[in-house]
2 protein chains.
Amino acid sequence: MATDPLSLTFAALADPTRRAILARLAEGEATVNELAEPFAMSLQAVSKHLKVLERAGLVIRGRAAQWRPCTLESAPLEEVSDWLGRYRQQWEGRFTRLDEELLRIQNGTEGEQSHE
Amino acid sequence: MATDPLSLTFAALADPTRRAILARLAEGEATVNELAEPFAMSLQAVSKHLKVLERAGLVIRGRAAQWRPCTLESAPLEEVSDWLGRYRQQWEGRFTRLDEELLRIQNGTEGEQSHE
DNA sequence: CCGTTGTTCAACCTCTAAGTTGATTAGATA
DNA sequence: TATCTAATCAACTTAGAGGTTGAACAACGG
C-alpha cells in the first residue's frame with residue numbers, strides 16, 4: 001500500500017467499520033470496548049481498525065488507567081477537503097454545462113452540438 | 001474489500017497513481033496510452049487502475065475506433081464531499097476550542113483547565 | 001497476592017490489490 | 001490479406017488487508 005499521508009487517509013476511510021468508528025468518535029471520546037460494542041467482530045479486529053485510523057492520524061489515543069481513550073483528529077479530513085477542492089470547480093462546471101444542455105433541449109435547439 | 005459506493009470511491013482514491021490519473025483527466029479527456037505515458041509501469045497496470053476508477057464511477061470510458069477515451073466523472077467526489085461535510089462542524093469547532101485555548105494561554109490563565 | 005478488566009501482541013488463514021509477462025481482440029491502414 | 005496500433009484478457013507472483021483464536025501485559029479491586 002502507498003504510505004503517503006493522503007493515501008493513508010483515503011485507505012483508512014475506505015472501510016465502513018472505520019467510518020462508523022469515526023462517526024461514533026465525532027460524538028466524543030470513547031474506549032476500545034465502547035467502540036467495538038456495535039460490531040459483530042472481535043475486539044482485536046476493532047483494535048486493528050483503530051491502529052489503521054491512528055496511522056492515518058485520524059484518531060489519537062490517550063492513556064487513563066487501563067483504558068486507551070480514543071479521540072477524533074480531523075486534520076487529515078481537512079487535507080482530504082483541500083484535495084477535493086481542486087475538483088470542485090470541475091463538478092460545478094460540469095453541472096453548469098449539463099444545465100445549459102437541458103436548457104438547449106427545452107428550447108428545442110438540441111441538434112446544434114458544438115462540443116469542442 | 002467493502003463494495004459499498006463510498007468505500008469503492010475512497011479505495012480508488014487511496015493510490016497516488018490513480019489520483020494522478022484523475023488530475024490528468026481534470027484537464028480533459030485522454031486515452032489509456034496518454035494516461036499511462038507519465039508512469040514507470042506497464043500499460044496493463046494502468047488499465048487495471050482505470051478499471052478501479054471506473055468501478056468507483058470516477059471515470060467513464062467511451063469508444064472511438066480502437067481508442068477508449070476516458071473522462072472524469074465527479075459525482076462520487078461530491079459524495080465524498082457530502083460525507084466530509086458531516087465532520088466539518090467538528091473540525092471547525094475544534095479549531096475554535098484550540099483558538100480559545102491559545103487566547104487563554106496568552107491571557108496567562110492557562111492553569112484553569114475545565115475539560116469536561 | 002490474586003483475579004478481573006481493558007487492551008494489545010502473535011500466529012495463522014483467506015482473499016484481494018497491484019504489479020509482471022504473454023497472448024488476444026478490435027479497428028485502421030498498407 | 002497482412003500488419004500495425006490500442007487496449008484488454010489471462011495467468012502468475014508478491015505483499016498486505018482483514019478477520020480469527022489464544023496468549024500476554026498492565027492496571028485496578030478484592
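These numbers were taken from a predicted model, which means no experiment stands behind them. Quick note on labels: first sequence line is chain A, next is B, and so on, each numbered from 1.
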Separation of D:dG19 P from A:F39 CZ (nearest whole Å): 10 Å

So what's the dot-bracket for DNA chain C: Watson-Crick or G-U pairs under 3.5 Å, [ ] if a pair crosses, | if it pairs off-strand? ||||||||||||||||||||||||||||||

Is there a residue in residues 6-26 of chain A whose heavy atoms reach under 4.0 Å of DNA chain C, and which residues are they? none

Atom pair OG1/CG of B:T9 and B:L53 - distance to nearest 0.5 Å: 10.0 Å

For residues A:S81 and B:R88, is any side-chain donor paired with an opposing acceptor at under 3.5 Å? yes

So, OP1 or OP2 of C:dT20: does either fall under 4.0 Å of a side-chain N or O from B:S42? yes

How long is the straight-line distance from CD of A:E79 back to CG of A:L8, given to the nearest 0.5 Å? 12.5 Å

Readout for nucleotides 3-16 of chain D: B = base within 4.0 Å of protein heavy atom, S = sugar-phosphate only, - = neither; 5' to 3' it is ---SBBB-B----S

Would you check if the side chain of A:R19 reaches a backbone N or O of B:L6 as a donor-acceptor pair within less than 3.5 Å? no

Angle class for the B:F10/B:W83 ring planes (parallel below 30°, perpendicular above 60°, tilted otherwise)? perpendicular

Please figure out whether A:R63 or A:H49 has its closest DNA chain D nucleotide nearer the 5' end. A:H49

Using only atom types and a distance under 3.5 Å, with no angle test, would you say the side chain of A:E29 pairs donor to acceptor with the backbone of A:T71? no

Can you name the residues that form a side-chain contact (heavy atoms from CB on, under 4.5 Å) with B:A75, not counting sequence neighbours? B:E73

When you measure from the side chain of B:R86 to the backbone N and O of B:Q90, does any donor-acceptor pair fall under 3.5 Å? no

For B:E54, enumerate each residue passing the salt bridge (charged side-chain N to carboxylate O under 4.0 Å, His left out) test, keeping only those at least two apart in sequence or located in another chain. B:R61

Hits for ring-ring contact (aromatic ring centres under 6.0 Å, His included) against A:W67, two or more places apart or cross-chain, chain-then-number order -> none

